Amino acid sequence: MNEILKIEQKWQKYWEKHKTFEAKTGSKKTPYYILVEFPYPSGAGLHVGHVRSYTAQDSLARMMRMQGYNVLYPMGFDAFGAPAEEYAIKTHQHPKIVVENNIKVFGKQMKSLGFSFDWSRQFSTTDPDYYKWTQWQFLQFYKHGMAYKDTIPVNWCPNCKTVLSNEDAAGGVCERCGSQVEQREKSQWMLKMASYSEDLLNGLEDTNFADRVKLGQINWIGKSTGVEVDIDIVGGGNFSIFTTCPETIYGITFFVIAPDGKLIKELMPRVENKEEVEEYIKETAKKSNMDRTELNKGKSGVEVKGIKAINPVNGKEVPVFLGDFVLGDYGTGAVMAVPSHDQRDYEYAKEHNLEIIQVIDCGDISEHAIEKHDYMGHGYKLINSEEFDGMTADEAREKISDMLEEKGYGRRVNNYKMRDWIFSRQRFWGEPIPMIYCEKCGWQPMKEEDLPLLLPDVAEYEPTDTGESPLAKITDWVNTTCPHCGGPARRETDTMPNWAGSSWYFLRFMDPHNEKEFASMDAMKYWNRVDWYNGGMEHTARHLLYARFWVQFLYNIGLVPHKEMIWTRVSHGMILGSDNQKMSKSKGNVINPDDIVNEYGADTLRVYEMFMGDYQMDAPWNTDSLRGCRRFLDKIIRLKDKVNEKEGFTQSLEVLQNKTIKKVEYDTTHMGYNTVISSLMILANAYDEMDSITKEDYRLLLTLLNPTAPHITEELNEQLGFKPICESEWPKYDEEKTVENVKDIAVQVNGKVRGTIQITVDDNEQVIKEKAMECENVMKHIEGKEIVKVIVIKGKIVNIVVK
RNA sequence: GCUUCCAUGGCGGAAUUGGUAGACGCGGCAGACUCAAAAUCUGCUUCUAGCGAUAGAGUUCCGGUUCAAGUCCGGAUGGGAGCACCA
């Protein structure tokens, strides 16, 4: 085994010394940018899951370089964030030191696996040279009115002691620690991401993302089309509601407004049951989102007495309720309730004994409401809806919307679930937000020339219960002067979320050492965009969405060449433990890549991870199967003994060789990594059956396997006396030689295989038919029967239909 | 509940996109080499019947389209993922 490690290290040193994988910006070769998500350098080290996607993209990168592309395959580290900070608190080290050490370990591990990264472009998001530009870009957001400070109820994680974005608190649970999130009113920096909803939706058309990735984003953006209707209050005043079902508007029997919204505050002076209403508002505020979902099997709420609202279409006066299922920050914070055709409204009406008016003739609703997708699909007609009676729901939907617009009662609008991006974190280990508060001048941006705003070196970085960042305690750092008036002022003490640095790192890789700009337009135009980006499915609604938003903004202010800078996005499946469970320390099913490299070699691990299954699906670890891959590489080594002195290729292997080149090329570019390996196993088996093979035969196999197993193939290639594979060209196949001259095909009778015949490429349909009829077993099955027709699919199959 | 993906031997998975289902690998069984073990090599390995040629069944289940369905269409069941009182 030591022999293998020696060989692997030898070639790793060779690549490093010869700068084999450094990409030259501006080279005349066709540029191609392959990206894998840069890792968070945790203390646990590299995971076998990293190895899977890095190897897959590495094999693509290595093949394409040999094909003459100028491949950019960079690597860096996303090192801001809570884990490093927590580890630092525990061990009383500065997070900077923790991160530096972890990065060293990760780098060493990656090098031991032979990934062909361009290490000259490496950086960490925590490098001041890098986060200077993250801060600079934040200032651009601010200067273009895209960043603002607002006091809103936000997701607060009591364990991590920080605010979380909606994306990080999906389901009311902290994404990092799993704690239940609380709602707290806090003043936060926000980025106006919601205003990009439509652009982010439309932009997907200019990408080649995998369907499941697109769908994930579409889902999260959550567009719904409907009508906003203005509702007058009896005795003056009004509010608006948003509905996606305007066709049911005649069925309104009450309205429900959000207890956490602004509307109820405005109405308060006119409310007759103030105490009751205020009590309900207080109770709601105490509940987290999760509680709201779980505790309300029944629908809680109180009537807002003294307030009656008017349905504009028929003048009907109905009561107004408070209900915590209505959210203050979605739509208008108020809804019309049509209990006959909405399950939630129905339950609320039952709970509070409210009137139910059926407006769509869809049969009995005494058990439950019949909802939109049912009545629309069935073409049911309207009733109790004045002049719209008798129209189908589909038709009425448009006609009623038209009417609302014509009469000025409302307008068609789109609503989105996606909110603005909560951009403040009350933690130490993040990019400081480069804003200064002055009593006289308010919030002021730092001067760009003063960036980077460095994190101070201090002894304490524990988060605080008060909801203030630990930076707030460092008065030397906090106290500064106002960039506008020069008077005394205080720095913002919150830091950015760790999604900030990763939102544009792929741009920096195009021009990583630029001191004047985050990346030059020339460099970005040369590399054009990320051609192929691999990452986890869990980043679809977060990192990838943030990154697209960030890039679209930069595009709109003229700083990047495309609105979408990422073309293809794919995601790999997880590697599970051998027990089919997610790998975790507590389950004891974690495989450490270092152990595998030491025992079997990096090439074996790489081949195994490519061979283990469908790249896009989860796959369980299996050490026996890994050993099988070691055996395969041993066979490759043994094949060297079969090499003879003859020139050129062996004639009888020609078709298989051409076919294999074609398949390896196609599969490598279509994520069929497992079948790349199996086709090479087939080729190796064919070689093994020969008495001897030529040097060229052998070198072909080594070259095709090289992208996946780069070390051992280089070594064997060198032993044959050839120049290194990584400096050679990829073999070309001849399409004509991928087809056998002679082939066995099946003959079916009535769709059942009854025999096989041998055909040649020259055989015409008539000849094939005759051969099929002469087949002994086929004759038995057609004897005495009437032949209805004979279907001949050239090169594939013959089917004889008989009666 | 909504959205979405998936279902093939003992296991991981192939199937040129409608054309011989089970490639390749793992595991298992039998054999060779060996004093023995490891390694390696050879053969078999979807199920049923048969010594065998062969025949029948078979890609979760039911139905349809087609000369031909793992693949396309409709329905059911089971499982994964995402969102979840979003009006």
Side-chain angles (χ1 to χ4, degrees), chain A residues 170-172 211-212 215-220 222-224 226 241-245 255-256 258 289 292-294 296-297 299-300 323-327 329-338 342-345 347-348 371-373 415-419 537-538 540-541 573 580 607-608 611-614 616-629 631-632 634-635 638 659 662-663 666 672 674-682 684-685 688 738 744-756 776-777 780 788-802:
Chain A
D211 284 344
R212 58 176 179 166
L215 275 163
Q217 296 217 339
I218 289 168
N219 236 314
W220 185 263
K223 179 177 181 171
S224 54
I241 56 100
F242 173 69
T243 180
T244 57
C245 305
F255 291 94
V256 187
N289 279 340
R292 277 206 199 182
T293 317
E294 283 190 357
N296 284 276
K297 296 292 181 212
K299 294 275 176 280
S300 81
D324 64 9
F325 69 83
V326 180
L327 308 173
D329 60 349
Y330 178 78
T332 59
V335 300
M336 66 182 212
V338 182
D342 181 282
Q343 193 56 33
R344 198 193 46 207
D345 295 349
E347 283 165 25
Y348 196 91
E371 299 210 48
K372 191 174 178 178
H373 53 271
N415 252 300
Y416 304 89
K417 281 198 243 180
M418 191 174 70
R419 318 290 159 87
M537 210 41 209
E538 69 278 15
T540 304
N580 246 311
V607 169
Y608 169 61
F611 186 60
M612 71 192 307
D614 184 333
Q616 298 192 74
M617 306 255 250
D618 293 352
W621 182 268
N622 182 331
T623 302
D624 281 334
S625 202
L626 172 86
R627 287 196 197 100
C629 293
R631 280 204 280 271
F632 167 58
D634 287 340
K635 180 183 269 183
R638 264 185 283 117
K659 257 167 121 168
K662 185 179 177 182
K663 182 154 180 68
Y666 183 88
N674 53 340
T675 46
V676 166
I677 304 302
S678 65
S679 65
L680 291 173
M681 285 172 171
I682 290 168
N685 289 345
D688 202 28
T738 60
D744 288 336
I745 65 165
V747 180
Q748 299 179 326
V749 178
N750 285 348
K752 291 209 154 128
V753 180
R754 298 301 180 188
T756 57
E776 203 184 323
N777 196 40
K780 259 198 276 178
V788 181
K789 62 175 157 178
V790 180
I791 291 141
V792 178
I793 308 294
K794 249 192 135 185
K796 284 187 175 163
I797 206 162
V798 179
N799 190 8
I800 304 168
V801 187
V802 297

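Numbers restart at 1 for each chain; the letters A, B, ... are given by sequence-line order, proteins then strands. No experiment lies behind these values; they were computed from the predicted model shown.
A search for side chain to side chain contact (heavy atoms under 4.5 Å, CB included) contacts involving A:M537 returns A:R212, A:V213, A:T540, A:S571, not counting sequence neighbours. Taking the salt bridge (Lys or Arg N to Asp or Glu O under 4.0 Å) definition, one finds that A:D624 meets it with A:R627, sequence neighbours left out. Scanning for side chain to side chain contact (heavy atoms under 4.5 Å, CB included) contacts around A:N777 gives A:R754, A:K780, A:H781, with sequence neighbours left out. Taking the ring-ring contact (aromatic ring centres under 6.0 Å, His included) definition, one finds that A:W220 meets it with nothing, sequence neighbours left out. A search for side-chain hydrogen bond (donor to acceptor under 3.5 Å, both in side chains) contacts involving A:D634 returns A:R630, not counting sequence neighbours. Judged as a ring-ring contact (aromatic ring centres under 6.0 Å, His included), and not counting sequence neighbours, the contacts of A:F255 are A:F239. When the salt bridge (Lys or Arg N to Asp or Glu O under 4.0 Å) test is applied to A:D329, the partners found at least two apart in sequence or on another chain are A:R419. Residues forming a side chain to side chain contact (heavy atoms under 4.5 Å, CB included) with A:I797 (at least two apart in sequence, or on another chain): A:A746, A:Q748, A:I793.
Within the 4.0 angstrom heavy-atom criterion, only backbone atoms of the sugar-phosphate kind lie near A:D614; the bases stay farther away. Contacts of A:Q343 with the nucleic acid, taken as non-hydrogen atoms under 4.0 Å apart, are absent. Using a 4.0 Å heavy-atom criterion, one finds that A:I682 contacts the sugar-phosphate atoms exclusively. Using a 4.0 Å heavy-atom distance criterion, A:R212 is classed as making no nucleic acid contact. Among the protein residues, A:D618 comes within range of the sugar-phosphate backbone only, with heavy atoms under 4.0 Å from sugar or phosphate atoms but none that close to a base.
Applying the Watson-Crick and G-U wobble criteria (two distances, each under 3.5 Å), B:U40 pairs with B:A32. As the counterpart of B:G12, B:C24 is assigned, both hydrogen-bonding distances of the Watson-Crick or G-U wobble pattern falling under 3.5 Å. B:A68: no Watson-Crick or G-U partner with both key distances under 3.5 Å is found in any strand. For B:G56, the paired base is B:C47 (Watson-Crick or G-U wobble, both distances below 3.5 Å). Across every strand in view, B:G74 sits in a pair with B:C62 that passes the Watson-Crick or G-U test at under 3.5 angstrom. Both distances falling under 3.5 Å, in either a Watson-Crick or a G-U wobble arrangement, place B:U4 opposite B:G80.
In this structure, CH2 of A:W220 is placed 18 Å from P of B:U3, rounded to the nearest angstrom. Note: CE (A:M418) to P (B:C83) measures 15 Å, nearest angstrom. In this entry the distance linking NZ of A:K635 with C1' of B:C41 reads 10 Å, nearest Å.
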Would you tabulate the nitrogen or oxygen pairs shorter than 3.5 Å linking the protein to nucleotides 54-56 of chain B?
unit_1: B:A55; atom_1: OP1; unit_2: A:R754; atom_2: NH1; d: 3.2
unit_1: B:A55; atom_1: OP1; unit_2: A:N777; atom_2: ND2; d: 3.3
unit_1: B:A55; atom_1: OP1; unit_2: A:H781; atom_2: NE2; d: 3.4
unit_1: B:G56; atom_1: OP1; unit_2: A:R754; atom_2: NH2; d: 3.4
unit_1: B:G56; atom_1: OP2; unit_2: A:R754; atom_2: NH1; d: 3.0

Nucleotide N/O of nucleotides 26-32 of chain B paired with protein N/O under 3.5 Å:
unit_1: B:C26; atom_1: OP1; unit_2: A:R631; atom_2: NE; d: 3.1
unit_1: B:C26; atom_1: OP1; unit_2: A:R631; atom_2: NH2; d: 2.9
unit_1: B:G27; atom_1: OP2; unit_2: A:R631; atom_2: NH2; d: 3.3

Considering only nitrogen or oxygen atoms on both sides, find all protein atoms under 3.5 Å from nucleotides 77-79 of chain B and state each distance.
none

When you compare the protein's N or O atoms with those of nucleotides 42-49 of chain B, which come within less than 3.5 Å of each other, and at what distance?
none

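For B:G25, one of the phosphate oxygens OP1 or OP2 lies less than 4.0 angstrom from a side-chain nitrogen or oxygen of A:N685. At B:G13, none of the side-chain N or O atoms of A:T675 fall inside 4.0 Å of OP1 or OP2 (strictly under the cut-off). In this structure, A:N674 does not reach the B:G12 phosphate: none of its side-chain N or O atoms is under 4.0 Å from OP1 or OP2.
For the C1' atoms, the distance linking B:U71 with B:U17 amounts to 7 Å, nearest Å.
Comparing A:D634 and A:I800 by the nucleotide of RNA chain B that holds the closest heavy atom to each, the one mapping nearer the 5' end is A:D634.
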